[in-house]
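Report on the following structure.
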Amino acid sequence: MTAPSSAAGRPDGTDGFPPPRPAYDIHTWKEIAHLLLNLPTTVFGFVYAITVLSVGGGLAVTVIGLPLLALSLLGARQLGKLERARARALLGVRVEEPSPLPLARGGGLFQRAWMALKDPVGWRTLLYDVIRLPWGILTFCTVLTSLFVLWPLLPYLARGLANVDRAMVRALLSPSDELERRIAELESDRGVVVDTAAADLRRIERDLHDGAQARLVNLAMGLGLAKEKLLEDPDTAAEMVAEAHGEVKLALQELRDLARGIHPAVLTDRGLDAALSSVAARCTVPVKVTVDLADRPAAAIEGIAYFTVSELLQNVSKHSAARSASVDVWRTADRLLIQVHDDGRGGAALDGGTGMRGLADRLGAVDGLFVVDSPVGGPTEVTAELPWRDREK
């Protein structure tokens with residue numbers, strides 16, 4: 001979501017209050033109208049807030065109390081929407097609308113009610129309605145009196161009072177930038193995780209179907225033919241059995257490779273140091289591996305780190321034309337850092353293909369970072385950062 005602009009009339013769009021203008025222009029009359037409307041709107045908002053809080057709170061011990069309070073908070077959201085529209089129209093305050101509650105994905109009635117009860121937008125709107133009653137009475141009486149006895153000073157008085165209103169709207173009715181950003185990130189990350197898991201399942205299914213499964217089918221057919229020829233032509237049957245033995249070895253190797261792609265046994269048994277050394281041994285470029293970890297991270301973080309390095313070293317083998325490479329893994333505070341360096345021709349980029357972008361998406365899904373520094377001509381240095389979580393004993 002785009003961060004809300006707090007500009008209120010400046011041509012350059014910078015933050016702050018509107019610049020001085022001639023008295024009694026159209027903007028001044030809008031401010032006066034807003035201040036006069038404060039009384040009816042604040043009275044209605046105050047009555048609504050006090051009523052729903054007292055009734056909902058009083059009935060909280062019953063079955064209908066909390067659902068009623070949840071509905072009241074949804075109604076408060078609508079009051080906030082009307083107040084933001086009034087501020088935009090009369091005060092020129094540009095306040096973005098908060099993200100709607102994802103009630104359609106909330107599951108059952110209890111989950112939806114709990115989501116509404118935790119909504120900070122609704123609670124801040126109720127707070128806004130409660131604390132503004134004295135202010136609404138003050139601004140209405142002040143402006144109404146000034147229309148008759150302080151006519152020359154009214155534009156300046158209205159400007160000062162309207163600026164206080166602007167500050168209140170920005171403080172209580174604008175969406176929380178950090179919260180909105182995190183909601184958008186989590187929604188995006190959840191989609192990435194789901195898509196990645198589905199792609200992995202399709203890859204495993206395809207590898208099983210096209211590789212080991214097809215080889216085992218041929219093996220079964222070969223053994224069947226050898227069985228038929230066992231009495232008639234023992235020599236031919238022996239050759240067929242020997243061929244089947246070779247097929248078994250190839251099928252076992254394919255299954256090992258597939259299992260390594262899911263989660264290698266060496267990673268589970270011995271940790272990142274041994275697992276990354278095994279990956280480096282299969283790389284076509286000499287790789288120096290340095291793992292400086294006193295403890296092992298959580299299994300999920302360890303797995304992501306392993307597959308990140310594995311994918312990066314595959315890229316080194318296929319595309320870099322490097323003579324040497326290095327992998328460094330260490331922990332800093334609550335982060336796990338990975339750095340893969342090669343002296344190849346460079347030119348790697350996140351938009352250069354699906355591999356790098358997929359790694360960046362996977363790390364982003366767990367609050368990680370992925371940075372590629374690869375000028376044309378080299379060298380290439382890829383830095384990955386993951387949150388550290390302790391391993392369960």
If you define the side chain from C-beta out and look only at heavy atoms, does anything of L161 sit under 4.5 Å from W135?
yes
Taking atom types as modelled, find out whether T125 and W123 have a side-chain donor-acceptor pair closer than 3.5 angstrom.
no
Minimum heavy-atom separation for L144 and F148, please, with both atom names.
O-CD1, 3.2 Å
Closest approach of R77 and R84, non-hydrogen atoms and distance?
O-NH2, 4.0 Å
Does any part of the side chain of R124, heavy atoms only, come nearer than 4.5 Å to the side chain of V121, both counted from C-beta?
yes
Given 3.5 Å as the limit, does a donor-acceptor pair link the side chain of S310 with the main chain of Y306, or not?
no
Separation between CG of L79 and CG of L74, rounded to the nearest 0.5 Å
11.5 Å
So V340 and L313, side-chain contact (heavy atoms from CB on, under 4.5 Å) or not? Walk me through it.
CA-CA 8 Å; V340 178; L313 290 184; 4.3 Å; yes
Would L337 and V329 count as a side-chain contact (heavy atoms from CB on, under 4.5 Å) here? Give the steps.
CA-CA 6 Å; L337 280 83; V329 181; over 6 Å; no
Exam field: side chain S374 to backbone G347, donor-acceptor pair closer than 3.5 Å:
yes
Find out whether V52 and L126 are in side-chain contact, i.e. whether some heavy atom of one side chain is under 4.5 Å from a heavy atom of the other.
yes
So which pairs with a foot in residues 325-342 pass salt bridge (Lys or Arg N to Asp or Glu O under 4.0 Å), sequence neighbours left out?
R335-E385
Looking at CH2 of W330 and OG1 of T290, how far apart are the two atoms once the value is rounded to the nearest 0.5 Å?
10.0 Å
Any chain of hydrophobic side-chain contacts (each under 4.5 Å) joining V93 to W29?
yes
From R86 CZ over to T41 OG1, what is the distance, rounded to the nearest 0.5 angstrom?
4.0 Å
Residue pair V372 / A348: nearest heavy atoms and the distance that separates them
CG1-O, 3.7 Å
Drop me the distance from R159's CZ to L154's CG, to the nearest 0.5 angstrom.
11.5 Å
Non-hydrogen atoms of A33 and L90 that approach each other most closely:
C-CD1, 4.4 Å
Specify the closest pair of heavy atoms between A280 and V289, including all atoms of both residues, with the distance to one decimal.
CB-CG2, 3.6 Å
Trace of the side-chain contact (heavy atoms from CB on, under 4.5 Å) decision for I338 with T383
CA-CA 6 Å; I338 303 167; T383 303; over 6 Å; no
In plain terms, say whether E302 and R389 are close enough for a salt bridge, that is, a side-chain N and a carboxylate O under 4.0 Å apart.
no
Residue set satisfying side chain to side chain contact (heavy atoms under 4.5 Å, CB included) with L127, at least two apart, ordered chain then number -> I131, L172
Between E83 and V169, is there a side-chain heavy-atom distance shorter than 4.5 Å?
no
Set of salt bridge (charged side-chain N to carboxylate O under 4.0 Å, His left out) partners for R88, sequence neighbours left out
E97
Exercise answer: donor-acceptor pairs, residues 42-50 side-chain atoms, under 3.5 Å, sequence neighbours excluded:
residue : atom : partner : partner atom : Å
T42     : OG1  : N38     : O            : 2.5
T42     : OG1  : L39     : O            : 3.1
Y48     : OH   : S72     : O            : 2.7

C141 vs I137 side-chain heavy atoms within contact, under 4.5 Å
yes
Under the side chain to side chain contact (heavy atoms under 4.5 Å, CB included) test, which residues partner W114, sequence neighbours left out?
L117, K118
Set out, in order, the CA-CA distance, both residues' side-chain angles and the distance that settles side-chain contact (heavy atoms from CB on, under 4.5 Å) for D165 and L35, then state yes or no.
CA-CA 9 Å; D165 263 338; L35 295 170; 3.5 Å; yes
Are the side chains of L336 and L293 in touch, meaning some heavy atoms are under 4.5 Å apart?
yes
Under 3.5 Å, side chain of S326 to main-chain N/O of K288, donor-acceptor pair present?
no
Any chance you could measure L173, atom CG, to R170, atom CZ, to the nearest 0.5 Å?
12.0 Å
Donor-acceptor pair, distance only, cut-off 3.5 Å: does the side chain of R166 make one with the backbone of L91?
yes
Could you tell me whether a side-chain N or O of T145 sits under 3.5 Å from a main-chain N or O of T142, the two making a donor and an acceptor?
no
Can you find a pair of side-chain heavy atoms, one from D119 and one from M115, that are under 4.5 Å apart?
no
Answer with yes or no whether the side chains of Y128 and R132 bring together a donor and an acceptor at under 3.5 Å.
yes
Could you see if L153 belongs to whatever hydrophobic cluster contains L138? Use Ile, Leu, Val, Met, Phe, Trp, Tyr and a side-chain cutoff under 4.5 Å.
yes
Listed partners of S324 passing side chain to side chain contact (heavy atoms under 4.5 Å, CB included), at least two apart
D343
Closest non-hydrogen contact found for P134 with V130 is CD-O, 4.3 Å
Answer yes if L312 and V371 sit in the same cluster of Ile, Leu, Val, Met, Phe, Trp and Tyr residues linked by side chain heavy atoms under 4.5 Å apart, and no otherwise.
no
I'd like to check I301 versus W388 (side-chain heavy atoms, cut-off strictly below 4.5 Å). Are they in contact?
no
